[in-house]
Amino acid sequence: MPGQLVAIGVAASVVGLLAGCGAARSTVAAAAPLPDDLLGLLTGQADCGGAKLVLVRQHSWDFTGDGVADALVAVRCDTGAGSPPSAVFAVAAGGGGPRIVGELLRPADDEVVSELSGQGAQAVITAFAFGPNAPRCCPDLVAVHRYQWNGAGFDPGTRVATPLPTATADAG
């Protein structure tokens, strides 16, 4: 019987110590949800030559695996005409607020984002792109970019471009 009381006392002490450790961990700031519109965070990230930055697409899911939704955000400069190229930023939720953890597509890539998606640690960007002989008015490619979150950022990714069907191919 005295041995059982000692074992119960040791178990109670261990539980008490573990409970104290859990309380210490709870003081770490939890990631706050991202705001619905992340445009304010991205203003100034792309050089628009004085033009306004506009939101093209936004897709939210938890790519960091911390239980709080993060986001891909596609933006472009408001040029008033044409199809200006897009930039895509990865934004992670954090205890100190949202932070940009990567620029996956740059305006210099000269692509126009049509869709953003993601699941688990993978992000996918679908965009219209221009081949070497395509006029700026008329993209002739669909580019699909795939990226993988590695715990600190997204890897350089892969890009597969395929020709868009032409009007003459659809007519035949």
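Numbers here simply count residues along the sequence, with the first being 1.
For the pair Arg99/Val91, no side-chain contact is recorded, criterion being any heavy-atom separation below 4.5 Å from C-beta on. For the pair Arg146/Gln122, a side-chain contact is recorded, criterion being any heavy-atom separation below 4.5 Å from C-beta on.
With hydrogens and angles ignored, the 3.5 Å screen pairs a side-chain donor or acceptor of Asp70 with a backbone N or O of Thr64. Side-chain atoms of Ser114 come within 3.5 Å of backbone atoms of Thr126 as a donor-acceptor pair (strictly under, hydrogens ignored).
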Carefully, step by step, assess Val75 and Leu39 under the rule side chain to side chain contact (heavy atoms under 4.5 Å, CB included). CA-CA 8 Å; Val75 294; Leu39 190 58; 4.0 Å; yes

Residues Val68, Asp62; criterion side chain to side chain contact (heavy atoms under 4.5 Å, CB included); working and verdict: CA-CA 6 Å; Val68 180; Asp62 180 17; 5.6 Å; no

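To the nearest 0.5 Å, atoms CG (Leu42) and CG (Leu53) are separated by 7.0 Å.
The minimum heavy-atom distance between Gly118 and His59, with the atom names listed, is N-NE2, 3.2 Å. Taking each heavy atom of Arg57 and Leu55 in turn, the nearest pair found is O-CD1, 3.7 Å. Here the closest non-hydrogen pair linking Ala69 and Ser60 is CB-CB, 4.5 Å.
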Under 3.5 Å, which donor-acceptor pairs do the side chains of residues 127-145 form with other protein atoms, sequence neighbours left out?
| from | atom 1 | to | atom 2 | distance (Å) |
| --- | --- | --- | --- | --- |
| Arg136 | NH1 | Asp110 | OD1 | 2.9 |
| Arg136 | NH2 | Ser83 | O | 2.2 |
| Asp140 | OD1 | Gly131 | N | 2.6 |
| His145 | NE2 | Glu111 | OE1 | 2.6 |

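Grouped with Leu105 in one hydrophobic cluster are Trp61, Phe63, Leu72, Val88, Val101, Leu104, Val113, Leu116, Ile125, Tyr147, Trp149, Phe154, the linkage being side-chain heavy-atom contacts under 4.5 Å among Ile, Leu, Val, Met, Phe, Trp and Tyr residues.
Take Asp109 and apply the salt bridge (charged side-chain N to carboxylate O under 4.0 Å, His left out) test, not counting sequence neighbours, and it matches Arg106.
More than 12 heavy atoms of other residues, nucleotides or ligands lie within 6.0 Å of CG in Asp155, so this atom counts as buried by the packing criterion.
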